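Presented below is the structure to which this report refers.
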Amino acid sequence: MTKQTTTMNRAVFLDRDGTMIEDVGYLDRLQRLKLFPYTVDAIRLLNRGGFKVVVVTSQAGIANGVITEAFVKEAHEEIARLASAGGARIDGFYYCPHSPTAVVDEYRTECDCRKPKPGMIHSAVRDLSLDLSRSFIVGDRWRDIEMGQTAGTTGILVETGYGKTEASRRPSNIAPVTVVADLIEATSWILGQ
Ligand SMILES: [Mg+2]
Ligand SMILES: [Zn+2]
């Protein structure tokens with residue numbers, strides 16, 4: 001049992017829009033991609049703390065025909081590049097392109113990766129050998145927190161993006177979580193646990 005614990009990784013799952021980058025609605029051009037000023041620092045600190053850093057993002061704009069899957073991948077390459085330029089490493093990007101009411105036929109499905117379902121986290125566990133009970137999720141929406149709690153991680157709500165509004169109305173099926181101003185505060189909190 002001890003041996004297994006030492007070979008499994010801890011992770012911090014990060015919501016993308018409103019948590020790592022400014023929420024601009026449907027991000028459809030790289031020029032509109034704006035990392036918050038502390039995002040790269042936060043990722044680098046989490047790396048140094050021994051955490052895998054994993055982005056989990058719902059991109060229903062793909063299902064609705066507003067953005068393409070290719071563009072989402074391009075945006076993630078750009079985020080990875082900006083992180084890398086600042087000495088930070090992102091270990092995985094997972095996105096859900098689906099919607100039960102999708103305009104684009106191939107994405108219209110009741111998938112298991114649409115938040116708050118935990119499919120993206122389970123994919124990351126398979127890829128990165130993660131110990132979820134020692135992992136965290138940071139997001140600006142309750143559906144981020146619910147996804148993380150369903151998977152067995154500890155959630156932290158940030159007040160950026162939709163977080164300020166969300167903080168005042170926690171759904172009763174979601175356990176109370178720590179609420180902090182932003183991702184860099186969430187990082188300090190996680191590293192202090
Ligand atoms: Mg968000
Ligand atoms: Zn999905």
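Remember, it's a predicted structure, so these values are computed and weren't measured experimentally. When a ligand or atom number is given, it counts from 1 through the structure's own listing order.
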- Task: Using the Zn ion (ligand 2) as the apex, give the angle to atoms SG (Cys96) and SG (Cys111), rounded to 10 degrees.
- Result: 110°
- Would you name the heavy atoms of Cys113 and Cys96 that are closest together and state the gap between them? O-CB, 3.4 Å
- Query: With respect to the Mg ion (ligand 1), what is the nearest N, O or S atom of Asp17?
  - Reply: O
- May I have the angle between Asp140 OD1 and Asp15 OD2 with its vertex at the Mg ion (ligand 1), rounded to 10°? 80°
- Which is the closest N/O/S atom of His98 when seen from the Zn ion (ligand 2)? ND1
- Query: Hey, is Arg141 close enough to Asp144 for a salt bridge, meaning N to O under 4.0 Å?
  - Reply: no
- With distance as the sole criterion, is a donor-acceptor pair present between the side chains of Glu69 and Tyr95 under 3.5 Å? yes
- Are Ile21 and Val53 connected in a single hydrophobic cluster, I mean Ile/Leu/Val/Met/Phe/Trp/Tyr linked by side-chain heavy atoms less than 4.5 Å apart? yes
